[in-house]
Undergrad: 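Shown below is the structure under consideration.
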2 protein chains.
Amino acid sequence: MKDVAARAGVGLKTVSRVVNEEAGVTPDTVARVQAAIDALGFRRNDSARLLRTRRTSSVGLVLEDLADPFYAPLSRAVEDVARSHGALLFTGSSAEDPRREQELVLAFCARRVDGLVVVPASDDHRYLAPEMEAGVATVFVDRPAGRVDADVVLTDNAGGTRDGVAHLIAHGHRRIGFIGDQPSIHTANERLRGYREAMANAALPVLPQWYAMGPTTPDRVRAALAVMLSGPEPVTALFAGNNRVTVTAVRVLSDHPRPVALVGFDDFELADLLSPPVTVVAQDAPGLGRTAAQLLFRRLDGLTTDAPTRTELPARLIPRGSGEIPPSS
Amino acid sequence: MKDVAARAGVGLKTVSRVVNEEAGVTPDTVARVQAAIDALGFRRNDSARLLRTRRTSSVGLVLEDLADPFYAPLSRAVEDVARSHGALLFTGSSAEDPRREQELVLAFCARRVDGLVVVPASDDHRYLAPEMEAGVATVFVDRPAGRVDADVVLTDNAGGTRDGVAHLIAHGHRRIGFIGDQPSIHTANERLRGYREAMANAALPVLPQWYAMGPTTPDRVRAALAVMLSGPEPVTALFAGNNRVTVTAVRVLSDHPRPVALVGFDDFELADLLSPPVTVVAQDAPGLGRTAAQLLFRRLDGLTTDAPTRTELPARLIPRGSGEIPPSS
DNA sequence: CTGAAAGCGCTTACAG
DNA sequence: CTGAAAGCGCTTACAG
């Protein structure tokens, strides 16, 4: 910029005015400065600019896994909102590791992002309190914040699961299994709660071998399912606690001698092409991202200084066939 | 930092030393500075630091769509490599719009990212030449750079398609259709080329109504397929030019009276659960991202100053059933 | 309409 | 082992 000023024979401030398209510069001067800019191939250094203006026009997004089909549309929605507000997006995956989440969040804060959208991997975000007090707007999405007061945008996990399990009960099932993700994950627990509530609402018992929580690896799901499907009181229907469980369940059940009804939490692309087509409880992944990002920018733009809010988006039951199979015995 | 120095009763430089864990500070001084840091809740401003050190330790990733199941693992791979080099990642979606690509790239450059990984939406990247000369390392991935000399990492699209079509020919097909993405997209053309080559290698004709290029919307694919499947010389097999085409083709073909063989470019999660299971030519999406990012950091770390390279990763045919259906007439 | 001075928060290069 | 000065590339607040 100094070079441009020298070459155009003007002051630094005038170059700044031209670069920022501020009013009040003679067309003649503008032309001279512009010529110098072009000749020198000058491009403004936004990092320096932002040091002075105290706004970086960037937000950080921390999620579980960029490559996860559920989070991909969520991050795209956050990007779209950020873009419409002129902000760039830092992204990072926590891989479900609280330490990594914290590293990423603090690295983003050290770059002085204006705000953060975080899918928590940790259940304790007190490390963020000083940053939030220092003015970093923060919205938690998909899972609640831990030990810190902040905006939260969630899916109604318990309600969605309740609906799904009630749907199975309505189709005559009495022995219904549930396979969920690790109990350390909030959404996994909420879904388990929904399952229990639906069973209780129908005055149905829940035997200990009917539900299993843990890693959603194919082996673990296979093993859990084998237990539920054997013994004197095998389940006639299964509620799969997420995407990955559903996929493995479809594989296992297609080899099973008796038909078993299936409802899965989370929709997935080819669910309607499988045989039978898979009934799911669908979340609104883009809606989560969009809502969270809009909340963030409302705070950043000073449009609201209300106390932190908690938003719950509904989940939607989509009957396709697998959830309407009657009990087999 | 000034406040910390004042409170600890030391110079600015000493605080800097402690913050950066440089050697040569009395343990006693370190303790005093650390106490002041904690008391004030001081966190180093990396933006300011980077203004001085001239390295931002960040890279920009521009791709077609963050939410696309093909690009999600690619971006995750780039993130992992960046992370292992201590760099943060800016991400953005071009939505196949050259202007948006340029906006994003230049915005990243204005923030002075150290390097860029770009999935081109444009076929002219001369706008990037000044930035590259100014030292922004750039690697293009999935599609080649346009009118600029840079590192490129591609899938062998023509070769993969050739293998897939040859596979159909080996199973007795003579009339084979091809539905591809818009001809403005490089990979779409390469795949069309592979189709033509495979047919030519087998001395088979290609009728004009057997291939169609255009948007991969369900309606367009349906219409194109209807044309190929009707008339006096209907195709007995289809090569689908990408993921989205394959999915629509599966839907249409499952309703079709005669069995039609299908091979699709790109693998997708439940391909083996459909009936028939879908034979695909699979790309290595994480491999593309990893290779591109490694190349980028090799340049950034000054480990290589060779001329730009062109890397082609092989695509792999995965027979599952749909590609092994014999001709029906 | 234009510009010189001060400063954003840090590091570099130097001196003690 | 420690610190004062200068500067990274820009903007803010002011004066002319």
Side-chain angles (χ1 to χ4, degrees), chain A residues 1-34 36-37 40-58 86 106-114 130-131 134-136, chain B residues 1-37 40-58 106-114 130-131 134-136:
Chain A
M1 197 151 127
K2 215 166 50 185
D3 300 339
V4 173
R7 184 179 181 112
V10 299
L12 224 50
K13 176 61 202 170
T14 301
V15 178
S16 174
R17 283 197 182 92
V18 172
V19 170
N20 295 315
E21 298 176 332
E22 286 171 31
V25 187
T26 329
D28 181 54
T29 315
V30 172
R32 230 168 52 244
V33 173
Q34 196 59 54
I37 288 175
L40 267 47
F42 168 82
R43 300 267 164 103
R44 180 177 65 193
N45 181 335
D46 274 352
S47 297
R49 144 170 247 245
L50 299 166
L51 179 58
R52 194 65 239 245
T53 55
R54 332 246 23 205
R55 260 231 171 181
T56 57
S57 296
S58 62
L106 292 182
F108 291 161
C109 288
R111 301 296 174 99
R112 296 297 188 265
V113 294
D114 297 332
E131 314 292 345
V136 182
Chain B
M1 197 151 130
K2 215 166 52 184
D3 298 340
V4 172
R7 183 176 180 116
V10 300
L12 224 50
K13 176 61 201 169
T14 301
V15 178
S16 174
R17 283 197 182 92
V18 172
V19 170
N20 295 314
E21 297 175 330
E22 286 170 32
V25 187
T26 330
D28 180 55
T29 315
V30 172
R32 232 170 50 245
V33 172
Q34 196 58 55
I37 287 175
L40 268 44
F42 167 82
R43 300 267 165 101
R44 179 178 66 193
N45 181 334
D46 274 350
S47 298
R49 145 170 247 246
L50 299 167
L51 178 58
R52 196 63 239 246
T53 55
R54 332 245 23 203
R55 260 233 171 179
T56 58
S57 296
S58 61
L106 292 182
F108 291 160
C109 287
R111 301 295 176 99
R112 295 297 189 267
V113 293
D114 297 332
E131 314 291 347
V136 181

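What you see is a predicted model, and the numbers here were worked out from it, not measured in a lab. All chains are named by letter (A, B, ...) in the order of the sequence lines, taking the proteins before the strands, and each is independently numbered beginning at 1.
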Undergrad: Out of curiosity, D46(A) CG to S58(A) OG, how far, rounded to the nearest 0.5 Å?
TA: 10.5 Å
Undergrad: Do V15(A) and K2(A) come within less than 4.5 Å of each other through their side chains, counting heavy atoms only?
TA: no
Undergrad: Does dT11(D) have OP1 or OP2 under 4.0 Å away from a side-chain N or O of R54(A)?
TA: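 The answer is no; no side-chain N or O of R54(A) sits under 4.0 Å from OP1 or OP2.
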Undergrad: With respect to the side chain of L51(A), which nucleotide from dG9(C), dG7(C), dC10(C) is positioned closest?
TA: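 Output: dG9(C).
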Undergrad: Counting only side-chain heavy atoms from C-beta out, which of dC10(C), dG3(C), dC10(D) sits nearest to A48(A)?
TA: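 Shortest atom-to-atom distance from the side chain points to dC10(D).
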Undergrad: Taking the basic N atoms (NZ, or NE/NH1/NH2) and the acidic carboxylate oxygens, is any pair closer than 4.0 Å for R32(A) and D28(A)?
TA: yes
Undergrad: Does the side chain of S16(B) come within less than 4.5 Å of R49(B)'s, by heavy atoms?
TA: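 They are not in contact (no side-chain heavy atoms under 4.5 Å apart), so the answer is no.
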Undergrad: Tell me whether the side-chain N/O atoms of R49(B) come closer than 4.0 Å to OP1 or OP2 in dT11(C).
TA: yes
Undergrad: Heavy atoms, side chains only, cut-off 4.5 Å: are T29(A) and R17(A) in contact?
TA: no
Undergrad: Is any side-chain heavy atom of V136(B) closer than 4.5 Å to a side-chain heavy atom of D114(B)?
TA: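 Answer no - side chains too far apart.
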Undergrad: First locate atom CZ of R111(A), then atom OG1 of T56(B), and finally report the distance between them rounded to the nearest 0.5 Å.
TA: 6.0 Å
Undergrad: Take the protein atom CE of M1(A) and the nucleotide atom P of dG9(D), then report the distance between them rounded to whole Å.
TA: 11 Å
Undergrad: Can you measure R111(A) atom CZ to dC10(C) atom P for me and round it to whole angstrom units?
TA: 14 Å
Undergrad: From dC10(C), dC8(D), dT11(D), pick the nucleotide closest to the side chain of N45(B)?
TA: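 For N45(B), the side-chain atoms sit closest to dC10(C).
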Undergrad: Give DNA chain C the dot-bracket treatment, 5' to 3': Watson-Crick (N1-N3 with N6-O4 or O6-N4) or G-U (N1-O2, O6-N3) under 3.5 Å, [ ] crossing, | other strand.
TA: |||.||||||||.|||
Undergrad: Assign each of R44(A) and G11(B) to its nearest nucleotide of DNA chain D by heavy atoms, then name whichever residue's nucleotide is nearer the 5' end.
TA: G11(B)
Undergrad: With a 4.5 Å limit on heavy-atom distance, are the side chains of L40(B) and R7(B) in contact?
TA: yes
Undergrad: Is any side-chain heavy atom of N20(A) less than 4.5 Å from a side-chain heavy atom of R44(A)?
TA: yes
Undergrad: Residues of residues 14-30 of chain A with any non-hydrogen atom less than 4.0 angstrom from an atom of DNA chain C: list those, numerically ordered, please.
TA: T14(A), R17(A), G24(A), V25(A), T26(A), T29(A)
Undergrad: Test for a donor-acceptor pair under 3.5 Å between the base of dG9(D) and the side chain of R52(A), counting only N and O atoms.
TA: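 No, no donor-acceptor pair under 3.5 Å.
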